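Each chain gets a letter, A, B and so on, in the order its sequence line appears, and its residues count up from 1. All values derive from a computational prediction rather than experimental measurement.
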Protein chains: 2
Amino acid sequence: MGHVTLKDVAARAGVSYQTVSKVLNNRAQVTEETRNRIWQAVRELNYRPNVSARNLRKQASNLIGYAWHYMPDEFMQNPVLDGFVHSAANAAEAHGFHLLTFVADGGPPRPDVYHELFSRNQVAGFLLADTVGDDPRVEMLLDEDIPFVTFGRANDEWDFCWVDVDGQYGLRMVVEHLLQQGHRRIGFITWPEGSQSGAFREAGYRQALESCGLEPDPQWIVRGEHSAELGRRGVRRLLELPRERRPTAIACVSDLVAIGALGAAAQAGLEVGEEIAITGFDDIPLVQYTQPPLTSVRQPIDAVGERVVDMLLKQIQGEVIDRKGVLLQPELIVRASS
Amino acid sequence: MGHVTLKDVAARAGVSYQTVSKVLNNRAQVTEETRNRIWQAVRELNYRPNVSARNLRKQASNLIGYAWHYMPDEFMQNPVLDGFVHSAANAAEAHGFHLLTFVADGGPPRPDVYHELFSRNQVAGFLLADTVGDDPRVEMLLDEDIPFVTFGRANDEWDFCWVDVDGQYGLRMVVEHLLQQGHRRIGFITWPEGSQSGAFREAGYRQALESCGLEPDPQWIVRGEHSAELGRRGVRRLLELPRERRPTAIACVSDLVAIGALGAAAQAGLEVGEEIAITGFDDIPLVQYTQPPLTSVRQPIDAVGERVVDMLLKQIQGEVIDRKGVLLQPELIVRASS
DNA sequence: TTAATGAAGGCGAACGTTCGCGCGAACGGT
DNA sequence: ACCGTTCGCGCGAACGTTCGCCTTCATTAA
């Protein structure tokens, strides 16, 4: 048989199909007995509501759009984002929503892709990751009053919902840990200026040093595009410094960078964890297996997914959001590299 | 203003709304002039069709389900699958379809998740990756006559659509290349018996050796679960063999395994590429940057995505599929490790 | 007895499309 | 002038829901 509809169920239960609908949605005043009859018919016929019909009638959608920002030239996919999508999808499914993922090569997708999806009523809102400072997508979504939540902050002057992990706190923990290990000259290999999360992490680095009365030598900071190569280059450059200014510990802005750094340090004949300390950020699964295992900062990625979906669904349902920005605290994972 | 519907467009163009629909779907007999009027009204009002209404009426869906099989404990995500999803999503979008991704922790999702999604008319069909031999999902989908295509083969006795990369050919190329480099004792580090794609690759390994008159020593084959650790263990074990039986080249079943092998060989004081050859499979982006860069086999992943979507859409539209199984040929990428 | 109350469930309409049929006008041929 | 044909477009219906209102009937209180 083709599709089972409300009418089929109603016929079998001996009621009108609208009543069946009400029972299924718990907004019915019916006797216990008819309710049971209806549920039994539902089970016997294996009825499943038609999503399109429901969405059409309710002028809604049970889909959440997420642009999967794929970069084939990137050396390694971003496990943090993978974890984010996964937890967000899980959280959404718990509320009867699903993730519609669309893709874009190279840069982030153009705002009109979002607009199109929304105005066709295909999705009820969006989740954004890797936003940039003045992200045109955020601007458009805000303008058009389309529900969305970002993972990561953007332009501070815009008033929208975001969830982020406190990178400043994360790096402060890292550096405080290194200081506690006795290190006094601590390098930092990071992204170019202009990166917002880079700036937060750098602030944490400086803050920890300064609260200890130390001023970071400008030469201790090496910048470059996100890659393992940056880590290698950074270590080489830091090791070239004269002995009395040479860092004994190096904090890296990400695990990927730290992996490069690990390699370069080993190549330079240094035993990481003994003669030099190296740390990462993100705690990707790989770093448990590096030689030596890497000290890193774990992002509470499941919590991020839940909060993000929670806020988005509230927006979609038109509720007021009490706290538009949510900052979650990461966790320091100390391993043998420091 | 709220949503612009066909009626709004029709009012502005001075025609009935059904005519607008026909014009937009190119099934109208109308004068050039009214067609233009209608299109102009569409543009002026920025009309976008309502997906739910369309799907409801057409008894269809513009979504393709894909279960994103996430394994947090896995050391490294699978870049091949990422590439697959990306290319499939791209191909789908070119035909007005989108990917609905749902998730499952640990193992593959239960068949009833698929069934549910389909019977609610949420999706029109499915894409499956990492299928296993007697995959219960495949069995169910076949039983229920739900459109789907798999990336990778399953039980040979079932008659369904699949696209796969010829791993046997891939490993034959690898081993032939190694033979050509003068190697005569070639090891193979692979997955446990029972893995289907493992079996194909192993067949290629054997075939190449045998066509050269060599018989593989059983000790040259090391098996274990997919991990970098397997590579390390494999190399150690192979290097323990007496000198005259010790392989001078080692083919690994995947890049991940090869990365472990690379590390263990270096640790044993061997210069990879000179004193020993090591190869991988998949050509993940990372292996361009290993020390030394890894010889690998590149899967034609874009082609896979396109074929898969193509076959699925044909099924959805009820066309007959001429060739149910498609085997695509990979490419050998020779780098310094061999 | 009667009117008010409330519970149980039916009914009509609407959400925005697509699709087949039908109708009037124009047109060409006899 | 008449008839068949084609063109251009309108009309009604249907897809499967949800939602508010209405009807029916039994119960209760005055």
Side-chain angles (χ1 to χ4, degrees), chain A residues 1-39 41-42 45-63 96 116-124 317, chain B residues 1-39 41-42 45-63 96 118-124 317:
Chain A
M1 102 200 85
H3 288 181
V4 180
T5 74
L6 281 181
K7 298 192 183 179
D8 301 320
V9 177
R12 172 171 272 247
V15 293
S16 76
Y17 66 94
Q18 294 96 330
T19 302
V20 177
S21 166
K22 285 176 189 162
V23 166
L24 294 184
N25 294 298
N26 279 326
R27 27 181 125 283
Q29 297 186 315
V30 285
T31 48
E32 189 66 16
E33 196 251 323
T34 40
R35 184 196 315 282
N36 290 339
R37 261 202 347 267
I38 290 176
W39 273 108
V42 164
L45 296 178
N46 221 301
Y47 167 76
R48 292 287 175 276
N50 181 308
V51 181
S52 299
R54 170 176 293 177
N55 284 342
L56 172 61
R57 175 61 233 240
K58 301 186 93 168
Q59 291 285 77
S61 167
N62 72 140
L63 295 177
E116 183 81 13
L117 237 25
F118 184 77
S119 59
R120 283 175 178 259
N121 246 280
Q122 175 92 248
V123 302
Q317 276 139 29
Chain B
M1 101 199 87
H3 289 180
V4 180
T5 74
L6 279 183
K7 297 193 184 180
D8 300 319
V9 177
R12 172 171 272 249
V15 293
S16 78
Y17 69 93
Q18 294 95 330
T19 303
V20 177
S21 167
K22 286 176 189 161
V23 165
L24 294 183
N25 294 299
N26 278 327
R27 29 180 123 279
Q29 298 184 315
V30 285
T31 49
E32 189 64 18
E33 197 250 321
T34 38
R35 183 196 315 282
N36 290 339
R37 257 196 357 259
I38 290 176
W39 272 109
V42 164
L45 295 178
N46 222 303
Y47 168 76
R48 293 285 175 277
N50 181 308
V51 180
S52 299
R54 169 176 294 176
N55 284 343
L56 172 59
R57 176 61 233 242
K58 301 186 94 168
Q59 291 284 79
S61 167
N62 71 141
L63 295 177
F118 184 78
S119 60
R120 283 176 179 258
N121 245 281
Q122 176 93 246
V123 302
Q317 275 137 32

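For the residue pair His3(A) and Asn121(B), a side-chain donor N or O sits within less than 3.5 Å of a side-chain acceptor on the partner.
Looking only at distances, no side-chain donor or acceptor of Asn36(B) sits under 3.5 Å from a matching main-chain atom of Glu33(B).
Atoms CZ and OG1, from Arg48(B) and Thr5(B) in turn, are 14.0 Å apart once rounded to the nearest 0.5 Å.
The phosphate of dG9(C) (OP1 or OP2) has a side-chain N or O of Thr34(A) nearer than 4.0 angstrom.
Comparing Lys22(B) and Tyr17(B) against DNA chain C, the residue whose closest nucleotide sits nearer the 5' end is Tyr17(B). Two residues, Lys58(A) and Ser52(A), neighbour DNA chain D, and the one matched to the more 5' nucleotide by heavy-atom proximity is Ser52(A). Residues Gln59(B) and Arg37(B) both approach DNA chain D. Their nearest nucleotides, taken by heavy-atom distance, put Arg37(B) toward the 5′ side.
Counting any heavy atom pair closer than 4.0 Å across all strands shown, Asn25(A) reaches sugar-phosphate atoms only and no base atom. Residue Gln29(A) is in base contact, counting any heavy-atom pair closer than 4.0 Å across all strands shown. Base contact: Ser21(B) has a heavy atom under 4.0 Å from a base atom. Looking at heavy-atom distances under 4.0 Å, Arg48(B) makes contact with sugar-phosphate atoms alone, never a base.
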Candidate pair Val15(B) and Arg37(B), rule side chain to side chain contact (heavy atoms under 4.5 Å, CB included), full reasoning: CA-CA 9 Å; Val15(B) 293; Arg37(B) 257 196 357 259; 3.6 Å; yes

Side chain to side chain contact (heavy atoms under 4.5 Å, CB included) between Val20(B) and Lys7(B), worked out: CA-CA 8 Å; Val20(B) 177; Lys7(B) 297 193 184 180; over 6 Å; no

Steps toward side chain to side chain contact (heavy atoms under 4.5 Å, CB included) verdict (Leu63(B), Gln122(A)): CA-CA 10 Å; Leu63(B) 295 177; Gln122(A) 175 92 248; 3.8 Å; yes

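Protein chain B touches strand DNA chain D; the 5'-most and 3'-most nucleotides with an atom under 4.0 angstrom of its non-hydrogen atoms are dG8(D) to dG16(D).
Rounded to an integer number of Å, the gap from CD1 of Ile38(A) to P of dA8(C) is 12 Å. To the nearest angstrom, C1' of dC11(C) lies 12 Å from NZ of Lys7(A).
Using a 4.5 Å heavy-atom threshold, the side chains of Tyr47(B) and Asp8(B) count as separate.
No N or O donor and acceptor, one from the side chain of Gln18(A) and one from the base of dG9(C), sit under 3.5 Å apart.
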